Amino acid sequence: MFSKILIANRGEIACRVMTTARRMGIRTVAVYSDADANSRHVAMADEAVRIGPAAASESYLRSDRIVAAVHATGADAVHPGYGFLSENDAFAQTLADAKVTFIGPPPSAIRAMGSKSEAKKLMERAKVPLVPGYHGDQQQPDLLLKEANRIGYPVLIKASAGGGGKGMRVVTQRDEFIAALASCQREAKASFGDDHVLIEKYVQRPRHIEIQVFADRHGNAVNLFERDCSVQRRHQKIIEEAPAPGMTAARRRAMGDAAVAAAKAVGYEGAGTVEFIADQAGEFFFMEMNTRLQVEHPVTEMITGYDLVEWQLRVAAGEALTDMIPDLQEQLSIRGHSFEARIYAENPDKGFLPATGRILHLAQPAAVEFRRNHDDNGFHDPSPVRIDAGVRAGDPITPHYDPMIAKLIVWGEDRTHALARIQAALTDFHIVGVANNVDFLSRLVANDAFARGDVHTGLIEQERERLFPDSDGDEPQLPATRAMLAFACARVLADETRRAAADPWDSAHGWRLNTTYRRTITLNSAATVHDVVIEYARDGYVFHYEGASTALAFTATAGSGMSIRFGEHTLTADVVRAGDELHVFHNGRHRVLALADIIAQSAAAEVETGRLTAPMPGKLIAIHAASGTRVERGTPLLVMEAMKMEHTIVAPSDGVVSEVLYAVGDQVVEGAELVRFAAAAASG
């Protein structure tokens, strides 16, 4: 076994690998960019090496610097994690030439599966079912359009060397194809250095089901059953589960056999995932093989009881699968059900645009480490709740890398039990400081269609009205509103009481003769302005709102916890104050209230009109309208690239482009004014 390994990655996966390595007595080396100098994965490692500036192209994608770090630290092996260089055959070959073990498949297997088009040809020879499509080398736009017409719309354009939803577009009509193709090729070139694409028939209401495979260098190969990854946004997974709902034993066996055949066809070693697309009738087709550990591997660990990173390390060190599971496939079985929810810094209400900022507050549900108790068949008892995270409170989310905050993984005796557990765990996940998708995930797992297991890749769009409630009409009912306001006022009063205790001159109210002191606290919610009158009574406070009066007492518990006695009820919540914003987490809901002084600032900011701003930091990669151009509502004006994804800025109405303020190639910050625009009414 190795004595020291270097993890050529960052964030959550680097921390995940280090957890298993530490348990196995293996020392770890972290690599980091300037942006990650104070990150969690650096703090967890036994030693760490700087490999360059923040940009991934100058740090985590620099194989020469990583190999230099291997030699400088004397590491025996390199674990690539996922993303970055994990599926780079040249990197794996460089390590092999240097007599350093790559904890992954051989370079030949990575090469064989690295091109989606070549992989399809290989799978066709191995008799693995394929989606109708074009996987050829000819990339002329006219030829690709002809192939799309032959296949029949809708079609999917997909980057051949890609993954993670980058360089991918669904095209529903012939006249949309050329523009979508150009966008895919630009995005593929920026993300993978290769603009080669393939065209496939787009399966309606498809399910995305993948099979975890594992192979060793001794000719053994097994599958560890399926994961359903159908629930996606922007063609990227957001919730995964294992096993797949509605999967029959016969289909599971057929898909597992096809996945093992795919792995054997390329002489595979280590952990890999064979991804299939399935239609509603249950017919399945090969999509691609990921020659690495997947982000969603924990749900497989939860239902099988095995630590897949441990298996990776042991297989890479030369052990046979029979050393871990003597009876191979016959020994594997499914126990219970597991979900994984990806917690991202992103704004679901703005098309899931990634967000940046500093995490000011991070409260998580209580988690238990992956347990090691096992029965005679080697099944390890899973944890009921597990959190894999790469960030902590106080850490920044930068525009340089994937905006994942954490993965929340739960296990239950069956799907119903696991679903209840993830709903409860999301209620206890509180984040302040950066836009995030926790509230959206809570609505998603409570959605009726999801609860029934009626999952497919279009589920979020299908359920849009229920998953994206109108913010103007999403104000809670009066009793819930009163409780929310009471918590916010209690936090304000508790903070003032604490300051007054330290310095009596900081007292927020004065003594009154023959009466009680009253003050108005004005709070702004998403829908309206709330004026609450707080009366300082002799034995506590009285809360006056909407014509009703209620006695109010409070206790500030550890951290940001609040306990209030509100009339006849005692309630608890997490109430976080960030400047003039009060974040109330209560009964599974997150409400933000702003004190009056911030309202004036926000109102003044809204006065400005006639400008289009950057929704996030990024680079301008295309301009479609020059100054003076008259355009219709929805006309693309320019295209930004941020976090390797393209975002098109469109005209908000009919009008005239007054001025384009940046050029192609310029970097812009979030909120930067990009275009000055005059609406038609103003221009006439």
Side-chain angles (χ1 to χ4, degrees), residues 139 141-142 144-145 148 153-159 162 165-191 195 197 199 202 233-236 346-355 399 461 464 468 608-684:
Q139 293 287 295
D142 289 347
L144 293 176
L145 174 60
Y153 297 93
V155 298
L156 181 67
I157 307 173
K158 185 159 51 174
K166 299 178 179 68
M168 184 183 297
R169 298 288 187 279
V170 176
V171 182
T172 59
Q173 301 178 60
R174 175 189 177 122
D175 58 4
E176 299 172 351
F177 183 85
I178 295 298
L181 173 64
S183 180
C184 280
Q185 289 176 326
R186 284 195 303 268
E187 199 168 275
K189 185 71 173 178
S191 298
D195 62 2
V197 300
I199 315 294
Y202 183 69
R233 83 281 184 266
R234 287 177 162 267
H235 301 295
Q236 293 176 312
E346 65 182 18
N347 193 328
D349 294 329
K350 293 185 177 180
F352 298 96
L353 283 178
E461 188 59 34
R464 173 165 291 275
F468 296 92
E608 295 188 68
T609 58
R611 42 189 282 160
L612 292 163
T613 58
M616 59 185 300
K619 182 172 72 173
L620 207 60
I621 61 171
I623 295 175
H624 297 308
S627 298
T629 304
R630 184 174 295 276
V631 297
E632 297 179 351
R633 182 178 184 273
T635 301
L637 303 180
L638 50 84
V639 181
M640 284 182 60
E641 180 192 69
M643 297 184 180
K644 298 295 180 69
M645 299 291 286
E646 289 190 5
H647 308 278
T648 301
I649 309 299
V650 302
S653 64
D654 295 354
V656 176
V657 176
S658 303
E659 186 179 3
V660 179
L661 301 174
Y662 289 91
V664 171
D666 287 349
Q667 291 282 345
V668 297
V669 299
E670 181 176 0
E673 185 177 6
L674 303 175
V675 176
R676 289 201 175 102
F677 180 81
S683 64

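These figures come from a predicted structure and were not determined experimentally.
- Contact between R169 and C184 at its shortest, heavy atoms only, is CG-SG, 3.1 Å.
- Between the CD1 atom in I178 and the CG atom in L145 there is a gap of 5.0 Å [rounded to 0.5 Å].
- Of all the heavy atoms in V171 and I157, the pair that sits closest is CG2-CD1, 3.7 Å.
- None of V657, V660, V675 except one satisfies the side-chain contact (heavy atoms from CB on, under 4.5 Å) rule with L612; the exception is V675.
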### Task
Evaluate side-chain contact (heavy atoms from CB on, under 4.5 Å) for L674 paired with M640, printing each intermediate quantity in order.
CA-CA 10 Å; L674 303 175; M640 284 182 60; 4.0 Å; yes

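- In this structure, the separation between OH on Y153 and CD on Q173 is 9.5 Å, given to the nearest 0.5 Å.
- Heavy-atom minimum distance, R186 versus I621: NE-CD1, 4.3 Å.
- Taken from OG1 in T172 to CZ in F177, the straight-line distance is 12.5 Å, to the nearest 0.5 Å.
- Counting only heavy atoms from C-beta outward, the side chains of R233 and E346 approach each other to under 4.5 Å.
- Considering all non-hydrogen atoms of both residues, L661 and R676 come closest at CD2-NH1, 3.5 Å.
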### Candidate pair V656 and T629, rule side-chain contact (heavy atoms from CB on, under 4.5 Å), full reasoning
CA-CA 6 Å; V656 176; T629 304; over 6 Å; no

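- Atom CG of D666 and atom NZ of K619 lie 10.5 Å apart (nearest 0.5 Å).
- F352 CZ to R234 CZ: the interatomic distance, rounded to the nearest 0.5 Å, is 9.0 Å.
- Considering all non-hydrogen atoms of both residues, M168 and E187 come closest at N-OE2, 4.2 Å.
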#### Entry: Residues V170, H235; criterion side-chain contact (heavy atoms from CB on, under 4.5 Å); working and verdict
CA-CA 10 Å; V170 176; H235 301 295; 3.7 Å; yes

### Query
Stepwise, does the side-chain contact (heavy atoms from CB on, under 4.5 Å) test hold for L144 with Q139?
CA-CA 6 Å; L144 293 176; Q139 293 287 295; 4.2 Å; yes

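- You'll find the side chain of D654 reaches within 4.5 Å of the side chain of R633, heavy atoms only.
- Here L620 contributes atom CG and E641 contributes atom CD; the two are 11.0 Å apart, rounded to the nearest 0.5 Å.
- The nearest pair of heavy atoms linking F677 to S653 is CZ-O, 3.1 Å.
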